[in-house]
Structure formats: structure tokens, C-alpha cells
There are 2 protein chains.
Amino acid sequence: MEAVLTEAVALLDESGQSALTFRALAQRLGGGVASIYWYVANKDELLDRAADHAIGAVLDTVERQTRTDDPIDDLRVIAVTLFDAIVDRPWLASYFMRNTDVQTQSLHLYELLGQQTLRLDLTPRQRFHAVSAIVGVVVGTAADMGQETPQELLEGDVDRDEFLGRFADTWRALDPEEFPFVHEIVDEFAGHDDKDQFLAALELTLAGLKLQAGA
Amino acid sequence: MEAVLTEAVALLDESGQSALTFRALAQRLGGGVASIYWYVANKDELLDRAADHAIGAVLDTVERQTRTDDPIDDLRVIAVTLFDAIVDRPWLASYFMRNTDVQTQSLHLYELLGQQTLRLDLTPRQRFHAVSAIVGVVVGTAADMGQETPQELLEGDVDRDEFLGRFADTWRALDPEEFPFVHEIVDEFAGHDDKDQFLAALELTLAGLKLQAGA
DNA sequence: GCGGGGAATCGAACACTGTTCTATCTTATC
DNA sequence: GATAAGATAGAACAGTGTTCGATTCCCCGC
């Protein structure tokens, strides 16, 4: 079981989501295809478990970080750590917190996130919504960024700046009257850093939360 | 081309993402499988175009709504309209704004969103980040909600409350010492409305944005 | 009227996927 | 040593996206 999961994660890390097939995994484990089905009911469960396995590392990192006296700061640290993990492993986005019956590590992370809101002056409902919002921002933006990697980038045929530049060029060719906003931000887009973009989005949510908690 | 797209969307609406196969689509169009490849290079492009086709309706709705004098209010209206569309068609989440070369409607919607930020006192970079954040919240939460529909709900074998209740029960069985937050919010979770959850998340981001714009 | 040539169509095949069936080993307990 | 459960594996099945080559359609210049 343990070996199945670690090997599955390794396969995902090396060649992406499409590389994780039962046959490839079986070959790596030096066994047959059907053996995997003894540990796991279907591919969805395999991914659920693999994702939770990977979240374990995130949880370790987060727990090792000392708690500050500001819950908002702690929320930020956890969110950023999770974000980094998803950027490294884009497949995490689709399977994080999908089935907490199986994903105990993820549930722990969710709990840890929520515990920070217990230190804020909020109603239970506000706490629930706050954590959902933060998870949404992290997973949403990370997923968006992970999928924008269209093979060419992975193989190194073309670098990121050129990839962004191609889109920027077609955007610049648009009618400025009709697309004033696109023209306003095209330069920002062309040289943008994904992490900055995420941090800005997170900061907006945290600012709103701080306001709500009356701090 | 037009027929291919409308029929593809119809198929997706009726039976979900897994029902859109080239063979099923061909049969519906009364033609052969390979004919579709004359209009579209591969399945990804088919989904890209189908998504953009569906976004067209969103764009119409949004443009018909009268602009208020508060850009934040307008941002909210657009965000909510897009959210509702994605809840209706969960497959939109994965393909929205994935390739603006092909998705002209989506680009228009993006522009419309951005134009509201032009009325706020922000730097170009802040505007870019603001729109990314809002899109992230909408797509992120909508995607999360759309995927939690695990067949049983679609077929009506079990209703939503029971589905949530099952998770709530396993959560309640957890150790309260170790999971104080989960216990704090489990009742909220059991009876929660997805739309409220989204609106709360959106409001946090908008509040942060309002603060940033100094309004 | 008549080719000619691109636009459009289609069926059959290919390589690959998740999943299941059935038969076989392995191991520990009585 | 027999029995039953834990664990493994090969072969087959149904279904997928995609490609190939041949075929039809239809319009335009001669």
C-alpha cells in the first residue's frame, strides 16, 4: 500500500498526471496490473490517496512552523505552504479534500487552518466561510496556474517569457477602444509572476477577513 | 461548426462531461466520427470552443444588466452571473479562459470585469491582480462545488442533505480535542448552501479590494 | 457542358485506457 | 498437512481519442 502510493506520487512528479496509468504503475512496482486493485477500488481512489499522501509533507512543514500571535499571519503561512505544494504538483488541486473519509492528512490541514479562525472574533458560520474562502483562493489560483502549462513549457522547448509574450502580443493587437483594460494590464501580464498574483489574491481575502473580525 | 458546438454543449448539459465523446457527438450530428476533426484539432480544442460558446450567454446577460455607479457592485454582478453559469455547467470551470486565441467571448468577459477596475483608484498591477483574484474565487469555488457531485446526487438516489449529513456524521465522530474547528463548524457544513459560501468568499475579496482602492 | 480542385465527409483501423474475471501462488493457523 | 484467507498476476473486454485513405460534394473558370 505504502509502496503503491509513493511510487504513484513519484510517477506523477516525473511525468505528470497523464503518465499515471495502471500499467505504468504496475511495471514500476514490478507486478501485475490487477494487483493494484487489491489496494484500491479504482483510479479515483488511487488519486485521492496519492493526494493525501503528498499532503502529509505539507502538514509536516506547516506544523513545524512556530505559531505567531497573529492568527492572520498563521493563516497566510499555511495558505502559502499549500500553494507552493500545489504548484509543484498541479494534480493535487483536483483531488485535495475530495473525500475526507480517505484523506485524513487533508482533514488535519483543514482543521489546522480552521483553528486559526478560532482565535478571531467571528461566528461559526463566518469561520466556516473564511476557511472555505482561503482554500478556494489557494486551490483555485494554483489550479489555474498549473493547467496553463501546455507541454511545450514542460519539455523546455520554449521558455515561460516567450509563452506569455505570445499571448501578450495577440492582446496588444486588439482594438484599444474595445479592450481598454486588456491594454492597461498587458505589460503586467507579460512579465507577471504567478506567486505574486497568488499572494495578491490571498491578501485581498485576508484583508477582508481582518476587517470582518474587527481587528 | 456552429452545429457541432451547440450539440456538444447540449450533450454536456444532458449527461455531463463524461458523455461528450466523439462517437456520441457524431451520432447526434448524424455523421461520422472523423468529420468532427475537420472543425477541431482535438478534444481540448472542442472543449475550449464549447466553453466559449457557453460563455456567450453569460456575456449577453451581463451586458444587459445596467451599470450602476459603484464599480464594486458591478464586479459583484458579473462575478455572480459567471458563478451561476459554472454551477449549471461544471465543465466550464476547467476550460474558462484557457486559450483566449480561440475563446473570444471569454476574453470579452474578462475585459468587462477589468473595465470596472478602471473606475477604481488602483495601479495597473493592482487592477490585474484584482481581476485575477475575482476570477480565481469564482472559478475556484464553483469548480470545487461542481466536482463534489458524485453521480449519486445526479441520479437522485440520494438527496443533498443526506449526502452532506453522511460526511457531517463522520466529522462529528472525530475527537473534539484534536478537531475543535471541525466540531465548531460541522453544523454549518451540514446545512450549508453553496451559493452562500461563494458569496461570502466573494465578499471578502471585494472588501479587501474596496479597502485597497481607498473607498 | 465540363472538368478540376479544394471543402467536407466517412468507415475502418490503431494504440491506449480503466476495469474485471479467473486462476494461481503464498502464508499462517489449527 | 489441510484449509482458508491474503495477495498476485495474465488475459480479455469495452470504451476512448486520434489518424489514414478513400470518397463524395459543390462551385468556379474554361
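Letters A, B, ... mirror the listed sequences (proteins, then strands); counts begin at 1. Treat the numbers as computed from the prediction; the structure is a model and nothing was measured.
A salt bridge does not link B/E188 with A/R127: none of the charged nitrogens is closer than 4.0 Å to a carboxylate oxygen. Taking the charged nitrogens against the carboxylate oxygens, B/E14 and B/R28 do have a contact shorter than 4.0 Å, which makes a salt bridge. The pair A/R166-A/E162 does not count as a salt bridge, with every side-chain nitrogen at least 4.0 angstrom from each carboxylate oxygen. Using a 4.0 Å cut-off between a side-chain N of Lys or Arg and a carboxylate O of Asp or Glu, A/R172 and A/D187 qualify as a salt bridge. A salt bridge links A/R160 with A/D194: the distance from a Lys NZ or Arg NE/NH1/NH2 to an Asp or Glu carboxylate oxygen falls below 4.0 Å.
Atom pair B/Q27:CD and C/dT9:P shows a separation of 17 Å (rounding to whole Å applied). Between the CD1 atom of A/I36 and the P atom of D/dA7 there is a distance of 16 Å, given to the nearest Å. Rounded to an integer number of Å, the gap from A/Y39 OH to D/dA7 C1' is 7 Å. One interatomic measurement links the two molecules: CH2 of A/W38 to P of C/dT20, which rounds to 17 Å at whole-angstrom precision. Taking atom CG on A/L25 and atom C1' on C/dT19, their separation rounds to 15 Å, with Å as the unit.
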Contact state string [nucleotides 12-23 of chain D, B base, S sugar-phosphate only, - no protein heavy atom under 4.0 Å] = B---BBBBB---

query = Taking it one step at a time, do A/V131 and B/I185 satisfy side chain to side chain contact (heavy atoms under 4.5 Å, CB included)?
reply = CA-CA 10 Å; A/V131 175; B/I185 56 92; over 6 Å; no

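Taking only side-chain nitrogens and oxygens, A/S35 never comes nearer than 4.0 Å to OP1 or OP2 of D/dA7.
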